[in-house]
Amino acid sequence: MTTHSNTPAGWYPDPHGAAQTLRYWDGTRWTEHTHADQPGQAAPGIPAQPAGPDPRVQRQVQQQAGVAPSGPGGGTLFSEPVLVVNQKAKLIELTNEYKVMDQQGNQLGSVVQVGQSALRKIIRFVASIDQYFTHKLEIRDAQGRPVLLLTRPAKIFKSRVIVTRPDGQQVGEIVQQNVFGKINFAINAGGQQIGAIKAENWRAWNFAIVDHAENEVARITKTWEGLAKTMFTTADNYVLQIHYQLPEPLLSLVVATALTVDTALKQDARGLG
């Protein structure tokens with residue numbers, strides 16, 4: 001099948017695969033995903049088939065993060081009460097990539113680091129100073145479409161993350177408040193602080209997220225990824241629990257925080273932000 005840039009995004013027969021294989025075209029290029037890789041997503045003329053529960057994800061949520069099972073959400077990044085964020089395990093990490101799922105293991109989206117030059121990747125390979133450079137990430141939905149863009153400008157000690165919509169409209173900022181001890185971040189929108197992110201220990205493994213009145217509205221818990229991954233890869237896994245439906249723009253900023261906590265907020269493993 002010949003596909004041009006004016007062909008609308010959607011599922012089409014894989015031009016290089018078997019006849020029964022479908023591959024997603026995002027409007028400009030073929031993605032890596034086949035229809036089998038996208039549980040619950042309907043291809044043209046084929047009804048959606050929800051994926052079954054993933055015991056590994058359920059164990060991560062219930063046993064490792066201590067989050068009790070809850071009722072089903074709306075099936076999107078912004079309507080689920082629990083989001084599971086698992087970093088793609090790599091022996092050598094040159095770009096950050098995360099898979100985002102619901103509490104049953106159904107994929108809701110992804111987070112991908114963008115805008116890295118070949119030189120930046122080389123620097124990251126040979127030294128840790130890359131953490132001080134500007135980082136840009138895209139939060140994408142299940143179809144691979146950007147829903148939020150995050151920019152963490154170059155920093156020395158304190159991080160600042162700018163959150164925007166794909167059209168460039170700014171949602172708000174996440175601003176580090178201190179350098180030593182338990183790291184805290186202000187959640188700002190429209191020139192006002194509407195919430196905060198509070199690390200629960202100096203290594204910043206877990207975070208409580210509160211609103212402007214200091215009421216906890218969400219919690220981020222780092223989960224143990226296993227001895228093999230811990231020793232031989234750079235993967236980090238997190239579970240976000242949102243206690244109730246949040247208003248905008250707090251909801252988008254909470255989701256942005258949870259999905260990028262490792263790159264944007266905890267890049268320096270020594271707790272310096």
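Computed over heavy atoms, backbone and side chain alike; hydrogens, waters and symmetry mates excluded.
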**Prompt:** Would a hydrophobic clustering, with Ile, Leu, Val, Met, Phe, Trp and Tyr connected at side-chain separations under 4.5 Å, put Leu150 with Leu251?
**Reply:** yes
**Asp102 (side chain) donor-acceptor with Gly105 (main chain) under 3.5 angstrom** = yes
**Asked** Should Tyr244 and Phe207 be counted in the same cluster of Ile, Leu, Val, Met, Phe, Trp and Tyr side chains packed under 4.5 Å apart?
**Response** yes
**Asked** Does a side-chain heavy-atom distance below 4.5 Å link Ile187 with Ile197?
**Response** yes
**Request:** Answer with yes or no whether the side chains of Gln60 and Asn86 bring together a donor and an acceptor at under 3.5 Å.
**Result:** yes
**Asked** Is there a donor-acceptor pair closer than 3.5 Å between any side-chain N or O of Asn206 and the backbone N or O of Lys222?
**Response** yes
**Prompt:** How far apart are the closest heavy atoms of Glu80 and Leu108, and which atoms are they?
**Reply:** CG-CD1, 3.7 Å
**Distance, nearest 0.5 Å, that separates CD of Glu216 from CG of Asp211** = 10.0 Å
**Item:** Between CZ on residue Phe185 and OG1 on residue Thr257, distance to nearest 0.5 Å
**Value:** 9.0 Å
**Asked** Same cluster or not: are Ile220 and Val175 linked, directly or through other Ile, Leu, Val, Met, Phe, Trp or Tyr residues, by side-chain heavy atoms under 4.5 angstrom apart?
**Response** no
**Asked** Using a distance-only test with no angle check, is there a side-chain donor-acceptor pair under 3.5 angstrom linking Gln193 and His212?
**Response** no
**Item:** Thr151 side chain reached by Val161 side chain, heavy atoms, under 4.5 Å
**Value:** no
**Request:** Heavy atoms only: give me the nearest Gln177-Ala186 pair and the separation to one decimal.
**Result:** NE2-CB, 3.4 Å
**Asked** Is the closest side-chain heavy-atom distance between Gln170 and Ile162 below 4.5 Å?
**Response** yes
**Message:** Is any side-chain heavy atom of Lys198 closer than 4.5 Å to one of Val210?
**Reply:** yes
**Fill in**
Leu253 and Ala189 have their tightest heavy-atom pair at CD1-CB, 4.3 Å
**Request:** State which residues pass side chain to side chain contact (heavy atoms under 4.5 Å, CB included) with Arg165; sequence neighbours excluded, sorted by chain then number.
**Result:** Leu148, Asp167, Gln169, Val171, Glu248, Ser252
**Item:** Side chain to side chain, Val147 and Phe78, heavy atoms closer than 4.5 Å
**Value:** yes
**Request:** Could you list the residues that satisfy side chain to side chain contact (heavy atoms under 4.5 Å, CB included) with Gln58, not counting sequence neighbours?
**Result:** Pro53, Gln62, Gln104
**Message:** Using the rule given for side-chain contact (heavy atoms from CB on, under 4.5 Å), can you reason through Val254 versus Leu246, listing the C-alpha separation, both sets of side-chain angles and the distance that settles it, and then say yes or no?
**Reply:** CA-CA 9 Å; Val254 167; Leu246 302 177; 3.9 Å; yes
**Prompt:** Looking at side-chain heavy atoms only, is the closest gap between Gln64 and Thr221 below 4.5 Å?
**Reply:** no
**Request:** Working to the nearest 0.5 Å, report the span between OG1 of Thr164 and CG of Leu149.
**Result:** 4.0 Å
**Asked** Roughly how far, to the nearest 0.5 Å, is CG of Asn215 from CD1 of Ile209?
**Response** 14.0 Å
**Message:** Would you say that Val82 contacts Val239 through its side chain, given a criterion of any heavy-atom pair below 4.5 Å between the two side chains?
**Reply:** yes
**Request:** For Leu259 and Leu83, run side-chain contact (heavy atoms from CB on, under 4.5 Å): C-alpha distance rounded to whole Å, both residues' side-chain angles, the deciding distance at 0.1 Å, then the answer.
**Result:** CA-CA 9 Å; Leu259 301 195; Leu83 296 179; 4.2 Å; yes
**Request:** Measure the spacing between CG of Asn178 and CG of Asn184 and express it to the nearest 0.5 Å.
**Result:** 5.0 Å
**Message:** Applying a strict under-4.5 Å side-chain criterion to I, L, V, M, F, W and Y, I'd like to know whether Leu137 and Val85 cluster together.
**Reply:** yes
**Request:** Let me know which of Val57, Val67, Asn106 forms a side chain to side chain contact (heavy atoms under 4.5 Å, CB included) with Val84.
**Result:** Val57
**Request:** Run the salt-bridge test on Arg219 and Glu200 with the 4.0 Å N-O cut-off and return the result as yes or no.
**Result:** yes
**Message:** Restricting to non-hydrogen atoms, name the atom on Arg140 and the atom on Val112 that form the minimum distance, rounded to 0.1 Å.
**Reply:** NH1-CG2, 3.7 Å
**Prompt:** Do Ile139 and Leu77 have side chains that get closer than 4.5 Å, going by heavy atoms?
**Reply:** yes
**Asked** Lys182 and Ala199: which non-hydrogen atoms are nearest, and at how many Å?
**Response** CB-O, 3.6 Å
**Request:** With rounding to the nearest 0.5 Å, note down the distance linking CZ in Arg152 to CZ in Arg160.
**Result:** 11.5 Å
**Request:** Can you see which heavy atom on Ala218 is nearest to which on Leu240, and at what distance?
**Result:** CB-CD1, 4.0 Å
